[in-house]
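As the structure lists them, so they are numbered: ligands from 1, and atoms in each ligand from 1. Throughout, numbering of the chain's residues begins at 1 and tracks the sequence.
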Amino acid sequence: MLRVLVCVSGGGTNLQAIIDAGARGELGDTGIVRVISNNPNAYALERAKNAGIDAVCVSPKEFANRADFHKALLDAINEAKPDLIVLAGFLVVVPEEVIAAYRNRIINIHPSLIPSFCGTGYYGLKVHEAALARGVKVSGATVHFVDEGTDTGPIILQKAVEVKEGDTPKVLQQRIMEEAEWKIMPEAIRLIAEGKVKIGE
Ligand code: GAR
């Protein structure tokens, strides 16, 4: 079984899409072994508990400094012995020690077609505000491996979504979630579980 650990910060609709795909038998031999949130109020924690998944909060506010937070995060990850870490709306910059310990075993969902509207400062609604301000006619979502950069790792899957006249950032965000994110994130996990994703040299 591919042991999947999901990191979240907010509403957890991507987490829900993964849980639901697993329940429908679409993720191959996969199990979500733990959900970690940096935010104690994240609704994603409730979604995990409702699905009977071990859910823990590791909040930076509980620690005297960033280094202690990073160590606690790595400990909470290591405890679950994951084969794959999925960042599903995790709004914390992943510490280098975590990236080094789980190289090529961390994936992220980003709500645009990378390399557009990504990198430092582009997260959540800000991505869609920037896309609308630029006037793009197509946006979408990307699942990629996580490396030391921000949204710079190898791309696994992308799906384009139409931008419509009169879209607000929230309307566009919702369409991209429904038409792209909730599909390509479970799909990427299934491909990894089936051994179909390889990183080239
Ligand atoms: C999603 O749209 C995800 O793509 C985005 O945060 C949202 C989380 O929603 N992630 C980023 O912006 C990462 N840079 P959710 O908690 O409902 O899954």
Side-chain angles (χ1 to χ4, degrees), residues 4-23 27 32 34-51 53 55-59 73 84-95 98-99 106-134 136 138-163 167-189:
V4 176
L5 181 146
V6 184
C7 294
V8 295
S9 298
T13 63
N14 279 285
L15 169 66
Q16 192 68 55
I18 298 165
I19 292 171
D20 293 347
L27 296 184
I32 304 178
R34 172 168 277 191
V35 169
I36 298 177
S37 174
N38 62 305
N39 169 11
N41 301 315
Y43 185 63
L45 286 171
E46 298 304 314
R47 293 181 189 273
K49 286 175 197 156
N50 290 341
I53 299 165
V56 299
C57 176
V58 184
S59 166
L73 185 61
L84 179 70
I85 299 173
V86 173
L87 309 183
F90 189 53
L91 302 183
V92 169
V93 176
V94 179
V98 174
I99 294 173
I106 310 175
I107 63 173
N108 179 49
I109 181 97
H110 183 77
S112 74
L113 294 174
I114 289 175
S116 291
F117 312 115
C118 64
T120 306
Y122 288 101
Y123 58 88
L125 269 185
K126 291 179 194 291
V127 178
H128 308 295
E129 285 164 7
L132 291 174
R134 185 62 186 85
V136 294
V138 172
S139 191
T142 303
V143 179
H144 64 92
F145 283 106
V146 173
D147 63 12
E148 279 80 357
T150 306
D151 303 326
T152 51
I155 291 171
I156 302 167
L157 289 175
Q158 292 189 299
K159 191 162 191 292
V161 173
E162 189 188 350
V163 178
D167 271 354
T168 63
K170 282 205 160 167
V171 167
L172 181 58
Q173 178 185 52
Q174 186 67 23
R175 187 180 310 117
I176 288 175
M177 283 179 156
E178 285 173 13
E179 294 184 10
E181 296 187 40
W182 301 341
K183 294 182 177 168
I184 62 173
M185 185 48 117
E187 174 73 4
I189 294 170

Measure and list all N/O to N/O distances between ligand 1 and the protein that fall under 3.5 angstrom.
{"unit_1": "ligand 1", "atom_1": "2 (O)", "unit_2": "E181", "atom_2": "OE1", "d": "3.1"}
{"unit_1": "ligand 1", "atom_1": "2 (O)", "unit_2": "E181", "atom_2": "OE2", "d": "3.0"}
{"unit_1": "ligand 1", "atom_1": "4 (O)", "unit_2": "E181", "atom_2": "OE1", "d": "2.8"}
{"unit_1": "ligand 1", "atom_1": "4 (O)", "unit_2": "E181", "atom_2": "OE2", "d": "3.4"}
{"unit_1": "ligand 1", "atom_1": "12 (O)", "unit_2": "G124", "atom_2": "N", "d": "2.8"}
{"unit_1": "ligand 1", "atom_1": "14 (N)", "unit_2": "H110", "atom_2": "ND1", "d": "3.4"}
{"unit_1": "ligand 1", "atom_1": "16 (O)", "unit_2": "G11", "atom_2": "N", "d": "3.4"}
{"unit_1": "ligand 1", "atom_1": "16 (O)", "unit_2": "G12", "atom_2": "N", "d": "2.7"}
{"unit_1": "ligand 1", "atom_1": "17 (O)", "unit_2": "G12", "atom_2": "N", "d": "3.4"}
{"unit_1": "ligand 1", "atom_1": "17 (O)", "unit_2": "T13", "atom_2": "N", "d": "2.8"}
{"unit_1": "ligand 1", "atom_1": "17 (O)", "unit_2": "T13", "atom_2": "OG1", "d": "2.7"}
{"unit_1": "ligand 1", "atom_1": "18 (O)", "unit_2": "T13", "atom_2": "N", "d": "3.3"}
{"unit_1": "ligand 1", "atom_1": "18 (O)", "unit_2": "N14", "atom_2": "N", "d": "2.9"}
{"unit_1": "ligand 1", "atom_1": "18 (O)", "unit_2": "N14", "atom_2": "ND2", "d": "2.9"}

Starting from the C-alpha separation in whole Å, work towards a yes-or-no answer on side-chain hydrogen bond (donor to acceptor under 3.5 Å, both in side chains) for D147 and T152. CA-CA 7 Å; D147 63 12; T152 51; 2.5 Å; yes
Please assess S139 against V161 for the test side chain to side chain contact (heavy atoms under 4.5 Å, CB included), listing each intermediate value before the final yes or no. CA-CA 5 Å; S139 191; V161 173; 5.7 Å; no
From CA spacing to verdict: side chain to side chain contact (heavy atoms under 4.5 Å, CB included), R47, I53: CA-CA 9 Å; R47 293 181 189 273; I53 299 165; over 6 Å; no
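Looking at heavy atoms from C-beta onward, V163 lies in side-chain contact with L132 at the 4.5 angstrom threshold.
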Exercise answer: donor-acceptor pairs, residues 111-127 side-chain atoms, under 3.5 Å, sequence neighbours excluded:
{"unit_1": "S112", "atom_1": "OG", "unit_2": "H110", "atom_2": "NE2", "d": "3.3"}
{"unit_1": "S112", "atom_1": "OG", "unit_2": "S116", "atom_2": "O", "d": "2.6"}
{"unit_1": "S112", "atom_1": "OG", "unit_2": "F117", "atom_2": "O", "d": "3.2"}

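Judged purely by atom type and a 3.5 angstrom limit, R175 uses its side chain to pair as donor or acceptor with the backbone of E162.
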